[in-house]
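Worksheet for the structure shown next.
These numbers come from the heavy atoms of this one structure, side chains and all, not from hydrogens, waters or symmetry mates.
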Amino acid sequence: MDGQSSVSKMMVWTPMSKVRENRKKYKRKYRLRKDMETVEYTAGIKTCRSCAKRPPEERNFEISNIAEVFLSKLTLLSSRVDRESTTEATKTFSIHYKDQTPALDLECSKEDIARGWVTGIQHLMRKRRTETIIDKRKRWISEYFHKGKNTDDRLESKEAKAVLSQMNIQIKESQIDTVIQKLDKDQTGALSLDEFTQFYNVMTARQEIEELFDKWKSDDPDEADPPHASRYAVDGDNMRVHELMEFLAQEQKVATEPKGCQQLIERFEPNSELKKKKLLSLEGFTLYLQSAEGDVFNHTHDQVYQDMTQPLSHYFIASSHNTYLLEDQLRGPSSKEGYVKVLLKGCRFLELDCWDGDDGEPVIYHGYTLTSKVLFREVIEAIGRYAFKKSPYPVFLSLENHCSVVQQRTLAAHMVNILGDSLCNIPATSDMQELPSPQRLHGKIIVKNKKLKQNVVEDDVSDEDEAAETEDVEVQERVKTSKKKTIKLAKELSDLVNICHAVHFHSFEHSREKDMPYNISSIKEGKANHLVEDQAADFIDHTKRQLVKIYPSGGRVDSSNIDPHLYWAAGCQIVALNYQTPCDQMDLNLGLFRQNGRCGYVLKPEALRDEQTRLDTSKNIADKYKKTLKIKIISGFQLPTPEGEGSGGSAVDPYVKVQVYGVPADCAEEGTEVVKNNGFHPVWNCDMTFPLTFPDLALVRFEVKEHDTMSDSETIGQFSLPVSSMQQGYRHVHLLSKDQEDLSPAALFIHVSLQ
C-alpha cells in the first residue's frame with residue numbers, strides 16, 4: 001500500500017486499543033483530520049447512562065510532534081509496556097514523540113490496518129520535511145479552516161471569527177465582517193477555503209514588512225533615481241530581480257547573482273503571472289522573509305559543515321546525565337525510553353549506572369534511591385537500534401559499574417553480542433599522541449570505564465560513585481551502610497575499554513605529567529566552577545588533549561541543570577545535562593548542537609584547539625577577537641497564549657528578553673518594554689547592543705514572556721542559537737515552546753548586525 005492511499009484510509013474513524021502501563025487496553029477510535037496534520041481520537045462507548053448521553057470527548061495529537069512510528073512487538077510487564085520494532089506481521093504499532101509525551105502503543109484489529117497507519121504517518125512525516133514555505137502556509141491555514149466544524153466545507157462569519165481566535169488573530173468584529181463581505185464572491189454569507197485564505201492574508205498584513213518592501217521607493221514615477229542610496233521596489237507594487245539582489249546584498253549581507261534571485265522569485269512568488277515576469281510581490285517578499293532563507297538561523301548549518309577529522313578532544317559533544325531517568329533523581333522511573341529520546345535529539349554521550357540484578361541479569365537505576373530499575377540488556381538493545389538514526393558519529397557509553405565480577409561478565413557479554421562490530425576496537429597505545437577523530441569513529445560505540453593494567457585478570461579499582469553524592473538524608477543513610485571504596489573489575493569488561501579510560505582528576509600538572517590522550521576525568525560542578533574561575537587557561541590547555549566530563553552536584557535531586565556555557569568556555573567537551581528537564585540550560589544546549597547537522601559534535605573555536613595559543617577566557621581577551629552584535633527587536637507575530645490563560649492572543653502582555661551567553665565578559669541580558677493586550681502583532685522597535693570579546697563561543701537566547709505583576713512571568717516561546725550561526729539583516733526568529741515544540745507561525749521579526 002502506498003503512502004497516499006494509506007493517508008486516505010486514515011481519514012475514516014478506525015477502532016483501536018490503546019495499551020497502557022497497567023496492562024489494560026482501552027478502546028479508542030482514531031482518524032486523520034482533513035488538514036492531514038492532526039490525528040484525533042475519542043474514547044470508547046460509555047457504560048453508565050449519564051455518561052452515554054454525553055458525546056465522546058475528542059482529543060488529538062499532531063503529526064509534527066511525532067519523532068518515530070514503527071510496527072512493534074509489545075511485552076506487557078507488571079508496571080509498564082516494553083516495545084520493540086519489528087518487521088514481522090503484527091497488529092500493533094508504536095509512536096515516539098519529540099517532546100516528553102509518553103510513547104503511544106496502539107493495537108489494531110488487523111495486521112494490514114497497523115501497517116497502513118505506519119505507512120501513512122511516515123508518508124506525512126516525509127512530506128513535511130520537503131514542503132516549501134508556501135505549502136506549509138497552505139497546510140497550516142487548511143488545518144485551522146477544517147477545525148471550524150463546518151459541515152459543507154465553508155465557514156460562516158461566526159465560525160470564521162472563532163477560527164481566527166484559535167489562530168491568535170484578535171481583530172474587531174466589525175472589521176472582520178467588512179472583509180468577509182468583500183471576499184464572499186458568491187454572496188452565501190460563508191467562506192470557502194480559497195476565500196478564507198484571502199481573508200487570512202488581509203487580516204495578517206504587516207505594516208513593518210510593507211514599509212521595508214517600499215523602502216527608498218520613488219514617489220515620483222518619472223524620477224530616474226531617488227535621493228536614497230538604493231531602491232528595492234520600483235515596479236509599482238513589485239520588486240525586480242536587480243532590486244532584490246541589491247536588497248540581499250545591502251540588508252541581508254548575502255551575495256548572490258541574478259540567477260539566484262530568479263530562483264528565489266520562482267520559489268516564493270505565489271502569483272504565476274508575476275513569476276513569469278520575474279517579479280516579486282509584497283506577498284512573495286513576506287514569504288521569503290518567513291522562510292528558511294529569511295530565518296535568523298543559517299540553515300546551511302543544517303548539514304554537517306565542519307571538519308570532522310580532528311581529534312575527539314577538539315569537539316563539544318552533546319551529553320546526557322543519568323540518561324535512564326525520565327523524571328527526578330530520587331523516585332522517578334528508569335526506562336530505556338530515556339536513551340531513545342536523547343539519541344533521537346542527537347545526544348552522543350550516554351550514562352548507564354549498572355548494579356547487580358535478579359536472575360544474574362544486571363540492571364540500571366540511580367543507586368541508593370527509589371528510582372525504578374531497567375534491565376541492562378534492554379537498554380543495550382535500544383542503544384543498538386537507535387545509536388545512529390540521527391547521527392553517524394560515535395556514541396559514548398559511560399558505565400558507572402557497581403556490579404559483581406560475575407555480572408560484569410554479563411555486562412560485557414551483552415555489549416559484545418548485541419553491539420558486535422560497532423564497538424570501538426582501536427587500541428590505546430603508549431605512543432598515542434591524540435585521540436582519533438569522529439570521522440574515523442564513524443558508526444562506532446565507545447565504552448568509558450575503568451581499565452585493568454596489562455596482563456591483569458582481575459583487580460580492585462576505585463569506585464567513583466556519583467550516585468553516592470546525592471544530597472538526600474535517606475540516600476546518605478543507605479550509602480553509609482553499603483558503599484564500597486573499591487570494586488573488583490573483571491577482565492572481560494576491562495577489555496572493552498580502549499580510547500576512553502576513566503581516571504581520577506588530581507590536578508592539571510598531574511595530568512600533564514601522567515595522563516595519556518585516552519584518559520578521561522569526571523569533575524563535579526562545584527570543583528569545576530573553581531577550576532574555571534581560577535585556572536581557565538590551564539583547563540583550556542588540558543581539554544585540547546583530553547576529554548573532560550562535567551556532571552551536576554548531588555543537590556540537584558529535582559533533575560535541574562548546570563549552566564553549560566561556563567564549562568564550554570573552558571573547553572570542556574562533555575557537559576552532562578538532564579535532557580528530561582525543559583529549562584534555559586537545555587535551550588542553550590540544544591541551541592549549540594542545532595548546528596553542524598545536529599550530529600552531536602561541534603568543532604571548538606580554533607583558539608581552544610591550537611597548541612600554540614594560550615587563552616584565558618576568564619580574564620582579558622585579545623582585541624583581535626572582538627565584535628559588536630546589534631539586534632533590533634521589531635515586532636512579534638501571532639504569539640500563543642501561555643497555558644491556562646484562555647485562548648486568543650489579546651490576553652497576552654508580551655515582552656522580549658534577549659540573553660547572550662559565552663565567556664564571562666560576554667554574558668548579558670536586555671529586554672523590551674511590555675506591549676499591553678496584544679499577542680497578535682506587538683511592535684517594539686527596540687535596539688540592543690552586545691559587545692562580544694569572544695564571539696566564537698557566544699550563544700543568543702530569545703525569550704518571549706507574558707508580563708505578570710502577581711507572579712513569575714510565563715514563557716510564551718523561545719529560541720537559542722550560536723552567534724556563528726546567525727544570519728544578518730532582517731530575519732524571523734521562529735519560536736519554540738519550553739518543550740522544543742514548533743510554535744509556527746509564532747515568530748519575532750528582528751534585524752541583526754555583527755561587526
For [X] versus [Y], what's the shortest heavy-atom pair and its separation?
X      : Y      : value
Ala747 : His732 : CB-CD2, 4.0 Å
Gln727 : Ala292 : NE2-O, 3.9 Å
Ile621 : Lys626 : O-CE, 3.9 Å
Pro582 : Lys738 : CB-O, 3.2 Å
Val304 : Cys599 : CG2-CB, 4.1 Å
Leu754 : Gln728 : N-OE1, 2.9 Å

Taking atom [atom1] of [X] as the centre, report whether more than 12 heavy atoms of other residues, nucleotides or ligands fall under 6.0 Å from it.
X      : atom1 : result
Lys275 : NZ    : yes
Gln4   : CD    : yes
Lys390 : NZ    : no
Lys657 : NZ    : yes

Are [X] and [Y] packed together at the side-chain level, in the sense that at least one heavy-atom pair is separated by less than 4.5 angstrom?
X      : Y      : value
Cys261 : Leu248 : yes
Tyr305 : Asn596 : yes
Tyr288 : Gln252 : yes
Leu697 : Asp666 : no
Ile95  : Ile121 : yes
Glu669 : Arg701 : no

Between atom [atom1] of [X] and atom [atom2] of [Y], what is the distance when rounded to the nearest 0.5 Å?
X      : Y      : atom1 : atom2 : answer
Leu193 : Arg154 : CG    : CZ    : 10.5 Å
Lys604 : Asp696 : NZ    : CG    : 13.5 Å
Glu741 : Leu736 : CD    : CG    : 9.5 Å
Phe199 : Ile141 : CZ    : CD1   : 11.5 Å

Does the side chain of Ser737 pick up a donor-acceptor pair with the side chain of Asp739 at under 3.5 Å? no
Phe702 ring center near Phe719 ring center (under 6.0 Å):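 Centroid distance Phe702-Phe719: not below 6.0 Å, so no.
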Electrostatic pair Glu269-Lys278, nearest N-O below 4.0 angstrom: no
Salt bridge or not for Glu703 and Lys705, using N-O below 4.0 Å?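 So Glu703 pairs with Lys705 through a salt bridge.
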Test ring pair (Phe, Tyr, Trp, His ring centres under 6.0 Å) on Tyr200 and Tyr144 and set out the steps. CA-CA 11 Å; Tyr200 173 82; Tyr144 277 93; 9.0 Å; no
